[in-house]
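Because only heavy atoms are used, hydrogens play no part in the values below, and waters and symmetry mates are left out as well, while side chains stay in. Residue numbers begin at 1 in each chain, while the letters A, B, ... track the order of the sequences.
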Protein chains: 2
Amino acid sequence: MPKKPASIRDVAERAGVSPGTVSNVLNGSRPVNAALAERVREAVEALGYQADRAAALLRTGKARIIAVLVPDLDNPFFTSLVSAIEACLRDQGYEIIVASSNGSDATEQSRLAAILAWRPAGLVVVPCSDSFAPRALIERARVPYVIADRITQDPTADTVSVDNFDAGAIGMRHLVENSHRAILIAASELRLANMRARCTGANTVLDQHGLPPAPVIEAGGDAALAATRIGGWLDAHPHPTAILALTNFTTLGALAALAERNIAIPHQISLIGFDDYAWMRARATPLTAIRQPVEEIGAKIWERLKARIEGEDSRPVHVALRCELHQRASTAPPAI
Amino acid sequence: MPKKPASIRDVAERAGVSPGTVSNVLNGSRPVNAALAERVREAVEALGYQADRAAALLRTGKARIIAVLVPDLDNPFFTSLVSAIEACLRDQGYEIIVASSNGSDATEQSRLAAILAWRPAGLVVVPCSDSFAPRALIERARVPYVIADRITQDPTADTVSVDNFDAGAIGMRHLVENSHRAILIAASELRLANMRARCTGANTVLDQHGLPPAPVIEAGGDAALAATRIGGWLDAHPHPTAILALTNFTTLGALAALAERNIAIPHQISLIGFDDYAWMRARATPLTAIRQPVEEIGAKIWERLKARIEGEDSRPVHVALRCELHQRASTAPPAI
DNA sequence: TCAACGAGATAAAACGATTTACGTAAATCG
DNA sequence: CGATTTACGTAAATCGTTTTATCTCGTTGA
């Protein structure tokens with residue numbers, strides 16, 4: 001039971017070789033005589049040796065770490081994103097550091113600085129605002145990075161997100177084709193470009209059908225707030241025949257508001273949810289939902305990041321993945 | 001626009017002092033003349049200097065990193081736990097590394113080894129099985145650690161979990177007091193001690209009322225599986241008047257199974273859910289739920305871990321927090 | 001036969017922060 | 001006033017790995 005974990009020197013000594021040789025065996029950086037290599041591997045096994053990542057990092061300058069910074073670790077969309085990315089990295093010898101900016105620009109900046117001090121191999125950011133001020137910070141650190149989900153205008157880095165315009169459009173199209181004309185759009189915060197794109201997509205469909213744009217409510221960034229805001233709106237206006245939620249939290253808010261008011265789905269109001277979670281299906285009237293392909297998003301993020309880490313130097317790539325509408329029982333033509 | 005990030009030497013040069021002094025200013029390890037300190041701080045500011053954590057780690061031997069290993073990053077309970085812990089660490093200069101063992105002992109072992117190579121200051125583990133083989137690995141690395149949620153028998157480390165016996169008991173008590181006699185318990189996997197404790201707690205209440213133990217169904221570790229297993233059980237047996245779910249996934253499974261079969265809650269079957277998420281409340285009949293105090297659990301974990309990191313050497317502490325029953329509309333006395 | 005060559009190992013020099021050991025000047029004490 | 005302590009800086013050693021420069025020794029070609 002050694003006080004200190006074994007070092008490369010211990011391994012070298014036990015195998016009767018120099019530390020350099022041990023390193024070469026373990027990393028395959030240069031050829032090593034097979035017999036020696038075997039002796040080294042035995043010693044490694046016997047001592048339970050694990051290279052100290054910090055020392056390796058210090059020498060090589062790049063940690064096998066991917067940092068992920070999201071606005072909110074309580075938002076299931078972001079955590080599922082983290083999970084999807086983690087699944088990709090797991091077998092590739094990378095670790096993942098997560099941090100939450102808690103929706104605050106200041107926190108985003110400070111967390112980012114702290115994370116960059118680890119000199120991670122790559123960075124995934126879901127910015128908490130469109131301006132994304134800390135970009136300068138990242139570029140000074142020269143870390144490959146991917147901006148996910150919330151893409152900012154004129155980005156200088158690879159971005160991966162869904163086709164937000166289309167996401168809004170497919171939802172609205174489904175409603176219009178079901179003869180809905182009085183539709184409420186429940187967005188989270190219109191300061192976010194992705195949210196505006198979803199709204200525009202939805203309203204473009206209305207326009208194509210010669211219909212006026214739908215009212216949009218800014219329901220806020222968490223479920224409780226969304227419930228009161230949407231509830232408030234419902235109390236103050238004539239009821240729409242359908243609600244198009246553009247966020248998983250606004251979906252929850254709409255559900256809560258409707259439930260509180262005993263408004264039947266879809267008989268009185270149809271509802272389209274955003275994202276697709278198990279709880280949306282585990283209902284008497286399962287929710288029609290606009291599903292973001294989270295695993296695919298995670299995989300694409302890793303694909304782009306990996307390419308950049310390996311030195312790809314092409315112009316920024318912008319990936320926009322398609323959302324899918326899953327039609328279920330929460331939408332139906334309005335009662336006459 | 002420097003090619004390399006600034007090092008402590010650059011700062012020292014700019015401030016006209018030695019690197020050692022810069023270190024002392026930044027870490028406060030030894031007193032430094034105020035005027036010099038100011039000059040150093042200016043230089044740090046001007047160069048945007050951030051100490052290379054790897055170098056510091058190599059010298060000091062302990063990273064300001066907390067590693068968290070959970071069985072499943074798609075389980076909202078575990079992600080909310082991560083979020084709660086992250087919230088505690090955020091302002092304390094620690095970073096958090098997350099990894100998922102994916103419910104596999106082998107993965108758990110290998111992820112743990114990889115993480116320990118970073119020599120983290122502390123470790124939080126939710127073991128994926130009760131035997132928790134990798135414990136030896138951790139102890140050899142001499143890293144302070146806390147076992148969370150799934151506590152194993154005779155643990156040699158601090159543990160934080162809920163009082164599982166009590167959690168099962170309060171759920172069952174509520175049902176019994178509402179005159180339910182035919183109750184189905186939906187557990188995830190009985191190989192887990194915490195699951196068995198919840199069952200025992202529930203059945204003890206039955207026993208106290210002179211009632212026979214309730215049937216227990218092993219619904220499995222994800223929502224889809226739980227839905228088919230619970231559905232299958234319902235099809236094969238006379239319906240119970242209530243279901244007590246002991247996991248958030250089995251709650252979802254029960255809801256899905258009941259919805260599919262058009263069984264009304266609570267009129268035909270009452271349901272108690274486990275954990276407490278927004279979606280449980282955003283329903284026409286909000287779910288009565290057994291709430292685990294996640295934030296408190298996270299805070300306690302950090303409290304214990306911090307104490308150990310700071311050298312506390314007392315005997316292992318075992319924290320068991322109380323769950324709370326939130327009574328809502330999904331439970332009612334059975335129809336005659 | 002001998003210089004040139006290679007294959008493959010080793011010794012030694014980084015990497016950048018922390019920390020120990022030491023030096024120097026000012027302050028304090030007897 | 002000289003000796004000693006105090007305060008505070010600096011130089012240098014150190015952490016464990018990777019990598020570069022060297023070194024050794026058996027092989028080969030002329």
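Atoms CZ (B/R30) and P (C/dT20) sit 9 Å apart, rounded to a whole Å. Atoms CG (A/D10) and P (D/dC15) sit 12 Å apart, rounded to a whole Å. In this structure, A/L57 places its CG atom 12 Å from P of C/dA17, rounding to the nearest Å. Spacing between atom CD of A/Q50 and atom P of D/dG16 amounts to 15 Å, rounded to whole angstrom units. Atom-to-atom, CZ of A/R53 to C1' of D/dT18 comes out at 14 Å; the value is rounded to the nearest Å. Atoms CD (A/E13) and P (D/dT17) sit 14 Å apart, rounded to a whole Å. Protein atom CZ of B/R39 is 15 Å distant from nucleotide atom P of D/dC8, rounded to whole Å. Separating the CG atom of B/L58 from the P atom of C/dC15 is a distance of 14 Å, rounded to the nearest angstrom.
By the 4.0 Å N-to-carboxylate-O rule, B/R119 lies close enough to A/D52 to be salt-bridged with it. No salt bridge links A/E42 with A/R14; every basic N to acidic carboxylate O contact stays at or beyond 4.0 Å. A salt bridge links B/R111 and A/E95; the closest N-O separation between the charged side-chain nitrogens and carboxylate oxygens is under 4.0 Å. Salt bridge A/D158/A/R308: present, at least one basic N to carboxylate O contact under 4.0 Å. Using a cut-off of 4.0 Å between Lys/Arg side-chain N and Asp/Glu carboxylate O, B/R90 and B/E86 are scored as salt-bridged. A salt bridge is absent between A/E312 and A/K306; no separation between the charged side-chain nitrogens and carboxylate oxygens falls under 4.0 Å.
The phosphate of D/dG16 (OP1 or OP2) has no side-chain N or O of A/Y49 nearer than 4.0 angstrom. For B/N27, a side-chain nitrogen or oxygen approaches OP1 or OP2 of C/dT18 to under 4.0 Å.
Within the nucleic acid shown, B/S7 comes within 4.0 Å of sugar-phosphate atoms alone, with no base atom in reach, counting heavy atoms only. Within the nucleic acid shown, B/V22 has no heavy atom closer than 4.0 Å to any nucleic acid atom.
Note that the CG atom of B/D74 and the CD atom of A/E295 stand 7.5 Å from one another [nearest 0.5 Å].
Applying the 3.5 Å distance criterion, the base of C/dG16 shares no donor-acceptor pair with the side chain of A/R59.
Comparing A/T21 and B/L36 by the nucleotide of DNA chain D whose heavy atom lies nearest to each, the residue mapping closer to the 5' end is B/L36. A residue-by-residue look at B/T60 and B/S18 shows that B/S18 has its nearest nucleotide of DNA chain D further toward the 5' end.
Note: B/W118 and A/W118 have perpendicular aromatic rings, judged against thresholds of 30 and 60 degrees for the angle between ring planes.
Side-chain proximity of A/R9 to the nucleotides D/dC8, C/dT18, D/dG16 is greatest for D/dG16. With D/dC8, D/dG16, C/dT18 as the candidates, the nucleotide lying closest to the side chain of B/A56 is C/dT18. When distances are taken from the side chain of A/V32 to each of C/dA17, C/dA9, D/dT10, the shortest belongs to C/dA9.
Recorded end-axis angle for the helix from C/dT1-D/dA30 to C/dG30-D/dC1 stands at 50°, based on five pairs per end and rounded to 10 degrees.
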